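Keep in mind that this is a model prediction, so the values were computed, not measured. Both ligands and their constituent atoms are indexed starting at 1 by order of listing. Residue numbers run from 1 in the order of the sequence given.
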Amino acid sequence: MIHDGNTKIIARLHKQFSPRGLNIYNPYFEETGLNAAFLLFYNPDPKPLVAGIKNLNISGAVTVGFETDAQFAKLVDEYDESSTVVKRVGFIKNITGKLRGYYQGGLGQLLSIESQTSIKNKDLVIVGAGNVVRSLLWEISLRKKMPKSVVVINRTPEKLKDFNNYEFVKQTGGLDLLSKLSGDVLVNATHLGVREPDTLFTGEIVDKFKIISDVTFEKEDSNLILLAKKFGKKYSTGRDMFTYQGLVVLETILDTKIDPKILKKHVISGLSEVVK
Ligand SMILES: NC(=O)c1ccc[n+]([C@@H]2O[C@H](COP(=O)([O-])OP(=O)(O)OC[C@H]3O[C@@H](n4cnc5c(N)ncnc54)[C@H](OP(=O)(O)O)[C@@H]3O)[C@@H](O)[C@H]2O)c1
């Protein structure tokens with residue numbers, strides 16, 4: 001690994017200690033010869049962390065635990081629209097002393113879907129209405145080629161109201177709608193998988209779609225992904241999303257292209273060590 005005066009440092013700022021990322025990004029830099037290092041900085045107080053990023057000229061940081069921290073938000077100088085849309089800061093970039101905040105969830109999920117298919121003229125069904133979905137819809141709206149239709153359903157349908165502002169969102173509703181839907185791509189962007197037991201997705205539902213995309217990253221073979229495999233569907237997993245989120249972070253901070261295949265290999269081996 002090259003470490004010299006030009007080495008770009010990416011920090012993991014975190015409130016609760018976890019080495020996640022350390023054994024993903026550094027092995028990636030090593031394998032690809034990128035002159036960068038990923039380091040952990042733990043402190044529940046955001047002030048010294050943010051001051052450190054500026055004073056030590058660190059290139060950028062992921063902001064785990066500080067995403068919605070009001071004190072942290074005040075220390076960030078400006079926000080990309082990706083961050084403004086979800087009111088969350090997923091990572092920051094140090095642009096000649098000014099810190100700019102971003103959120104990578106929606107683009108990470110969109111790139112994960114696009115690793116299997118273009119969304120142009122496709123019928124998408126998205127389950128969920130949280131940060132990932134809010135951000136995903138905004139990222140879709142930035143694409144030149146629009147899907148034919150997007151249907152968004154959620155356990156709490158009240159949370160879907162403003163999604164109808166997007167022209168491509170043709171329908172919204174509760175989870176009971178799912179059994180009546182079909183399309184090209186089915187996206188799970190909820191806690192259903194590992195954090196919450198999945199009692200929603202069945203073979204009958206999965207079989208009505210061509211491509212399945214999941215966000216569950218704690219294990220790659222979620223119930224949904226196992227069903228996708230069983231029914232011979234194309235699929236992208238939560239670990240693909242994790243990979244593409246990482247790609248968005250690294251490409252933005254380091255201003256260089258990242259190879260998703262190599263990064264995914266390190267996501268798989270790195271996560272297996274820290275996510276049990
Ligand atoms: N693979 C990755 O790299 C990656 C990155 C980011 C996030 N994620 C995962 O993506 C998921 C969504 O993240 P987020 O930030 O959007 O979360 P969020 O804002 O908290 O939204 C959670 C969503 O899950 C739904 N949900 C939770 N429990 C449910 C249940 N028991 N049954 C049905 N729906 C349920 C919620 O429905 P209600 O609105 O009804 O509560 C809501 O739509 C999380 O599980 C997170 O771990 C993965």
Check: Is there a heavy atom of Ala189 sitting under 4.0 angstrom from any atom of ligand 1?
Finding: yes
Note to self: Is the shortest side-chain heavy-atom distance between Ile140 and Pro147 below 4.5 Å?
What the structure shows: yes
Margin query: Under 4.0 Å between a side-chain nitrogen and a carboxylate oxygen: does that hold for Arg239 and Asp214?
Written below: no
Notebook entry, point to check: Going by the atom numbers of ligand 1, which of them fall below 4.0 Å from some non-hydrogen atom of Lys159?
Noted result: 38 (P), 39 (O), 41 (O)
Check: Which ligand 1 atoms, with their elements, are less than 4.0 angstrom from a heavy-atom of Ala129?
Finding: 43 (O)
Margin query: Taking distance alone, with N or O pairs closer than 3.5 Å, would you say Asn131 contacts ligand 1?
Written below: yes
Next item on the list: Only heavy atoms count here, so choose which of Val194, Thr156, Val215 is nearest to atom 38 (P) of ligand 1.
Entry: Thr156
Check: Does an N or O from Asn154, backbone or side chain, lie closer than 3.5 Å to an N or O of ligand 1?
Finding: yes
Next item on the list: Give yes if a backbone or side-chain nitrogen or oxygen of Val132 is under 3.5 Å from a nitrogen or oxygen of ligand 1, and no if not.
Entry: yes
Next item on the list: Please work out which of His191, Arg239, Glu220 has its closest non-hydrogen atom nearest to atom 22 (C) of ligand 1.
Entry: His191
Margin query: Whether the Gln109 and Ser213 side chains hold a donor-acceptor pair (N or O, under 3.5 Å, no angle test) is what I'd like checked.
Written below: yes
Item checked: Subset of ligand 1 atoms that lie under 4.0 Å from at least one heavy atom of Met241 -> 1 (N), 2 (C), 3 (O), 4 (C), 5 (C), 6 (C), 48 (C)
Checklist line | Proximal atoms of ligand 1 relative to Gly128 (non-hydrogen, under 4.0 Å) | finding: 43 (O)
Check: Glu220 and Thr237: side-chain donor and acceptor closer than 3.5 Å?
Finding: yes
Notebook entry, point to check: What do we get for Leu200 next to ligand 1 when only non-hydrogen atoms under 4.0 Å count, side chain, backbone, both or neither?
Noted result: neither
Check: If we only count N/O pairs under 3.5 Å, is Glu218 in contact with ligand 1?
Finding: no
Notebook entry, point to check: Does some side-chain heavy atom of Val86 sit less than 4.5 Å from a side-chain heavy atom of Arg134?
Noted result: yes
Next item on the list: Could you tell me whether Lys120 and Asp184 have a side-chain N and a carboxylate O separated by less than 4.0 Å?
Entry: no
Item checked: NZ/NE/NH1/NH2 to OD/OE distance under 4.0 Å, Asp80 and Lys93 -> no
Check: Between Tyr102 and Phe91, what is the ring plane arrangement, given parallel below 30°, perpendicular above 60°, and tilted in between?
Finding: parallel
Checklist line | Arg155 contact mode with ligand 1 (heavy-atom cut-off under 4.0 Å) | finding: both
